[in-house]
*Asks:* 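Starting off with a structure, shown below.
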Amino acid sequence: MTSSAPALRPGTSPVRAPHVGLVILALAVGGFAIGTTEFASMSMLPLFAQGLGIDAPTAGHVISAYALGVVVGAPIMTVLGARVPRRRLLLLLMAMFTLFNGLTGLSPNYHWMLVFRFLAGLPHGAYFGVAALVASSLVPANRRTRAVGQMFLGLTIATVVGVPLASWLGQAVGWRWAFALVALLGIATMSAVALFAPEVPADQNASPLRELGALKRPQVWLTLAIGAIGFGGLFAVYTYLADTLVAVTHMSLGTVPWVIGVFGLGLTAGNMIIPVFADRALMRTAGGLLVWSIVVLALFPFTAGNVWTLGLNVFLIGIGGALATVLQTRLMDVAGDAQGLAASLNHSAFNTANALGPFLGGLAIAHGYGWTSVGWVGSLLAMLGLGIWAIAAAADVETRPSLADAE
């Protein structure tokens, strides 16, 4: 449900807000809440299984239900909310998120939990889409990617702070309380957005059909494909990181949270540093990040034998996660007047990557190539993403030769 008023473009004045930093902080708190529930759920699967009386593979369907909600919810809510003012839309989306995460904690059985996780995923992509548009509208055009990156810091910091906190809470007093924590974070986000986000009228020319017009643009599909394929390698490594640490690095399970924390630090560093370059040359930065991922993912099999080299490699892989921020801004540029749908579909693309990478990595492991083979799988996916990037960049030059590194 993303409002379709255009993001800031060169020559356009930023939206006036008394405290721009507080607005972006409010949006980042929402990202922190979403990141906490998304990633902490993976670490609490054994607790779900025990509490609901199901086996671990069945409990894994809870994660899939949430991801499906993200993929389905982004386009549907964008179209339905085409003419809703952004501030009100942020509040509605976060209210849905808060309600259904709270209900997840009250799930009487596995089937109800599946329903509530699916519903909790519906506002995920739309929230990030509209939050990115709001953040970019508050600053001059040459600082858009940095503003979006600062908003995304909530999501990346969640992997360092929110996930360990929710996991600890789930183990200490029960997994239901972890979702209560997420619901409280949702309430905090709503309060902050209500206090600080500017009230901007909806675009009166917006309509569901105009939003769907984004799907007619080849560059939108190419950008989404870069994320859906090129980003899959990061998720392949992340998904099997705990197993690699135990089976290959020969570390105890107690080291897993620390290494995952290092990964989160890499994500955070990437979202702080990379947007500075992206605001100068957006497409070149995207291509550079894909080359970076090709290299650091290919190094994963060679670093897995030692916890220190593995930790460094995981940190470097995390930096490549800044691709999400870069592509978010790219979508604003290529979607024309239908920026809402394009911005929210970015998260559908990355959830597709979250399914594709682990699936292909799992196939490599199942065929006997070992836990570290996910690094090779990830590197190949990044190569494919780079190939799609090359097609998109060539089309840019062809259609706008005077702006060879446009956007």
Side-chain angles (χ1 to χ4, degrees), residues 1-3 22-44 47-48 62-63 65-74 76-78 80-81 84-108 112-135 151-159 161-163 165-167 169-170 173-197 199 344 347 351:
M1 284 168 49
T2 307
S3 173
L22 290 177
V23 177
I24 294 178
L25 177 61
L27 301 175
V29 173
F32 183 86
I34 292 175
T36 297
T37 191
E38 182 177 24
F39 289 102
S41 295
M42 301 177 190
S43 66
M44 293 191 293
L47 303 179
F48 299 157
V62 170
I63 307 300
Y66 183 88
L68 181 61
V70 176
V71 173
V72 172
I76 292 177
M77 293 195 172
T78 297
L80 291 178
V84 179
R86 289 177 181 169
R87 180 170 172 271
R88 187 185 309 168
L89 189 52
L90 285 169
L91 293 172
L92 289 171
L93 291 167
M94 192 48 60
M96 288 181 60
F97 174 84
T98 301
L99 173 64
F100 292 121
N101 272 281
L103 289 175
T104 297
L106 299 173
S107 300
W112 274 111
M113 190 174 186
L114 272 183
V115 172
F116 291 141
R117 292 315 290 155
F118 173 79
L119 294 174
L122 291 177
H124 175 129
Y127 176 85
F128 277 118
V130 70
L133 292 173
V134 169
M151 182 273 295
F152 270 120
L153 282 177
L155 177 63
T156 61
I157 291 174
T159 62
V161 179
V163 173
L165 177 60
S167 299
L169 190 63
V173 295
W175 61 267
R176 297 180 187 275
W177 288 99
F179 288 103
L181 171 64
V182 171
L184 287 174
L185 289 171
I187 293 172
T189 303
M190 293 171 63
S191 301
V193 168
L195 282 172
F196 302 118
E199 186 66 73
S344 60
H347 299 275
N351 272 270

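Throughout, numbering of the chain's residues begins at 1 and tracks the sequence.
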*Asks:* Look up atom CG in Leu153 and atom CD1 in Ile24, then write down how far apart they are to the nearest 0.5 Å.
*Replies:*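 It comes to 10.0 Å.
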*Asks:* Would Leu99 and Leu103 satisfy side chain to side chain contact (heavy atoms under 4.5 Å, CB included), going step by step from the backbone distance to the final call?
*Replies:* CA-CA 6 Å; Leu99 173 64; Leu103 289 175; 4.0 Å; yes
*Asks:* So Val23 and Arg87, side chain to side chain contact (heavy atoms under 4.5 Å, CB included) or not? Walk me through it.
*Replies:* CA-CA 11 Å; Val23 177; Arg87 180 170 172 271; over 6 Å; no
*Asks:* Excluding sequence neighbours, so at least two apart, what forms side-chain contact (heavy atoms from CB on, under 4.5 Å) with Ala120?
*Replies:*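 Checked Ala120 against side-chain contact (heavy atoms from CB on, under 4.5 Å); matches are Tyr66, Phe100, Asn101, Arg117.
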*Asks:* Within this structure, what is the OG1-CZ distance for the pair Thr159 and Phe32, rounded to the nearest 0.5 Å?
*Replies:*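 If we round to the nearest 0.5 Å, Thr159:OG1 and Phe32:CZ are 9.5 Å apart.
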*Asks:* Going by side chain to side chain donor-acceptor pair (under 3.5 Å), name the pairs with one or both residues in residues 175-188, residues two or more places apart or in two chains.
*Replies:*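 Sorted result for residues 175-188: empty, none.
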*Asks:* Would you give me the side-chain donor-acceptor pairs under 3.5 Å for residues 179-197, sequence neighbours excluded?
*Replies:*
{"residue": "Thr189", "atom": "OG1", "partner": "Gly30", "partner atom": "N", "Å": "3.2"}
{"residue": "Thr189", "atom": "OG1", "partner": "Leu185", "partner atom": "O", "Å": "2.9"}
{"residue": "Ser191", "atom": "OG", "partner": "Ile187", "partner atom": "O", "Å": "3.0"}

*Asks:* Taking all non-hydrogen atoms of both residues, which atom of Ala158 and which atom of Gly35 are closest, and how far apart?
*Replies:*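 Shortest heavy-atom contact: CB-C, 3.8 Å.
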*Asks:* Please check this pair: side chain of Tyr127 against backbone of Leu27, looking for a donor-acceptor N/O pair closer than 3.5 Å.
*Replies:*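 Checking the backbone N and O of Leu27 against the side chain of Tyr127, a donor-acceptor pair under 3.5 Å is found.
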*Asks:* How long is the straight-line distance from CD1 of Ile34 back to CG of Leu93, given to the nearest 0.5 Å?
*Replies:*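 One gets 8.5 Å once the value is rounded to the nearest 0.5 Å.
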